[in-house]
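Beneath this line is the structure, given in structure tokens, with notes to follow.
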Amino acid sequence: MESTIREAWRLGRRAVADAAAIVLPERCAGCLEPGASICAACLRALAPVPARIVIPGDDLEVWAGVPFAGPAASILRAVKRDARPRLARHLAPALASALRQVARSTGAAPASLIAVPIPSSTKSLRARGFRVVDLVTQRAGVKPQRLLRLQRTAADQRGLGRIERLENLRGGMLAHETGGLRADGLRVVIVDDVVTTGATLIEAARALRAAGAVVVGAATIAATPLRGHAAARTHG
């Protein structure tokens, strides 16, 4: 019953959005200029510039496809905040580039790695009707394996420093079997939308390692520029 109500609500919201699109001119999700869902200039701004993100105090290999700034930040917010799944395909090249860098830097064959997305909260899934990270991963040509689930809902991370975020998330994820697939012995790469302090990725790595997985690294669509983050960029 609950799923039926949720689906009806989602379809109703889409119908309202479609009706609004008929009346109002389409605007670019990156710069708000009228004419297209994403203009040519903002598409160019989404071109991958992969960067290795060094998380202080952890040796997790983390790569991000683009900086979380300008059009990339606006478009990702539109996918999440405004529930616009069609824009996800434009973010896929950034994530794909980060995944390739993880494989290359760890000497792994890309096909040998299992992509494990950071799990969505029930609240966000209900609000959007789709999992953002899973969707972009699929658009990048990789099948996500949901080997992680949330054990509890963490407090709002906004305004928290790195140590506070780590404490807030500690013990919040658990690796579990999905579709007959178990984490034990698998070589996995964690996938997320944005890396800020790295606390979410560290907690995900902890949960997967506790279940016997080999975490070779993490790939994100974007990285927030923060003091304390070291980033080595590559155009390869």
Side-chain angles (χ1 to χ4, degrees), residues 1-22 24 26-32 36-38 42 46 64-66 68-69 71-96 98-99 115-158 165 168-169 172-174 176 178-179 190-196 199-201 203-204 218-224:
M1 180 64 178
E2 182 182 353
S3 61
T4 302
I5 294 173
R6 185 165 62 245
E7 179 64 14
W9 180 85
R10 185 178 65 81
L11 292 174
R13 183 177 63 178
R14 179 171 294 177
V16 170
D18 290 343
I22 295 173
L24 301 173
E26 189 167 30
R27 291 182 177 274
C28 172
C31 64
L32 299 182
S37 59
I38 298 183
C42 288
L46 288 176
V66 292
F68 186 68
S74 298
I75 292 164
L76 185 49
R77 288 191 188 105
V79 174
K80 298 177 69 173
R81 181 192 59 213
D82 302 332
R84 298 176 64 182
R86 292 181 182 178
L87 297 176
R89 66 187 180 91
H90 299 295
L91 299 170
L95 181 59
L99 286 166
V116 181
I118 294 295
S120 301
S121 69
T122 301
K123 181 180 178 181
S124 64
L125 178 58
R126 187 174 296 153
R128 299 185 189 111
F130 62 94
R131 296 177 174 87
V132 173
V133 179
D134 295 48
L135 181 59
V136 180
T137 303
Q138 290 169 345
R139 294 293 185 270
V142 179
K143 181 180 179 180
Q145 297 291 349
R146 293 200 291 271
L147 288 169
L148 286 171
R149 66 177 175 82
L150 298 176
Q151 290 202 99
R152 59 178 175 79
T153 302
D156 193 332
Q157 296 272 74
R158 287 174 294 186
R165 287 184 179 226
N168 183 40
L169 293 169
M173 295 185 202
L174 180 70
H176 68 122
T178 179
I190 303 165
V191 184
D192 202 4
D193 53 359
V194 181
V195 55
T196 303
T200 301
L201 298 177
E203 169 57 21
T220 68
I221 300 167
T224 300

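All values reported here derive from a predicted model rather than from experimental measurement.
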Inset, instruction - Report yes if the side chains of Val191 and Leu99 come closer than 4.5 Å at any heavy-atom pair, otherwise no. - result: yes
Legend entry - Which atom of Asp193 lies closest to which atom of Thr220, heavy atoms considered: O-CB, 3.8 Å
Legend entry - Approximate separation, where rounding is to 0.5 Å, of Ser74 OG and Leu87 CG: 11.5 Å
Inset, instruction - Indicate the atoms forming the closest heavy-atom contact of Lys80 with Arg128, along with that distance. - result: O-NE, 2.7 Å
Legend entry - Residues Cys42, His90; criterion side-chain contact (heavy atoms from CB on, under 4.5 Å); working and verdict: CA-CA 10 Å; Cys42 288; His90 299 295; over 6 Å; no
Inset, instruction - May I ask you to test the Thr200-Met173 pair for a side-chain heavy-atom distance under 4.5 Å? - result: yes
Inset, instruction - Output every pair passing side-chain hydrogen bond (donor to acceptor under 3.5 Å, both in side chains) with a member in residues 136-145, not counting sequence neighbours, ordered by first then second residue. - result: none
Legend entry - Any Arg131 side-chain heavy atom under 4.5 Å of Pro144 side chain: no
Inset, instruction - Output all residues satisfying side-chain hydrogen bond (donor to acceptor under 3.5 Å, both in side chains) with Thr178, sequence neighbours left out; order by chain, then residue number. - result: none
Inset, instruction - Of all the heavy-atom pairs spanning Arg86 and Arg89, show the shortest one and how long it is. - result: O-CG, 3.6 Å
Legend entry - For the student: nearest non-hydrogen atoms of Leu91 and Val79, plus distance: CD1-CG2, 4.0 Å
Inset, instruction - Can you see which heavy atom on Ile38 is nearest to which on Cys28, and at what distance? - result: CA-SG, 3.7 Å
Legend entry - Non-hydrogen atoms of Arg77 and Phe68 that approach each other most closely: NH2-CE2, 3.7 Å
Legend entry - Distance in Å, Ile75 CD1 paired with Cys31 SG, rounded so as to fall on 0.5 Å steps: 8.5 Å
Legend entry - 4.5 Å side-chain heavy-atom contact, Ser121 and Leu150: yes
Inset, instruction - For side-chain contact (heavy atoms from CB on, under 4.5 Å), just list the numbers for Ile190 and Asp192, CA-CA rounded to whole Å, side-chain angles, deciding distance to a tenth of an Å, and then say yes or no. - result: CA-CA 7 Å; Ile190 303 165; Asp192 202 4; 5.5 Å; no
Inset, instruction - Could you tell me whether a side-chain N or O of His176 sits under 3.5 Å from a main-chain N or O of Arg146, the two making a donor and an acceptor? - result: yes
Inset, instruction - Side-chain contact test, heavy atoms from C-beta onward, threshold under 4.5 Å: evaluate it for Leu46 versus Pro93 and give yes or no. - result: no
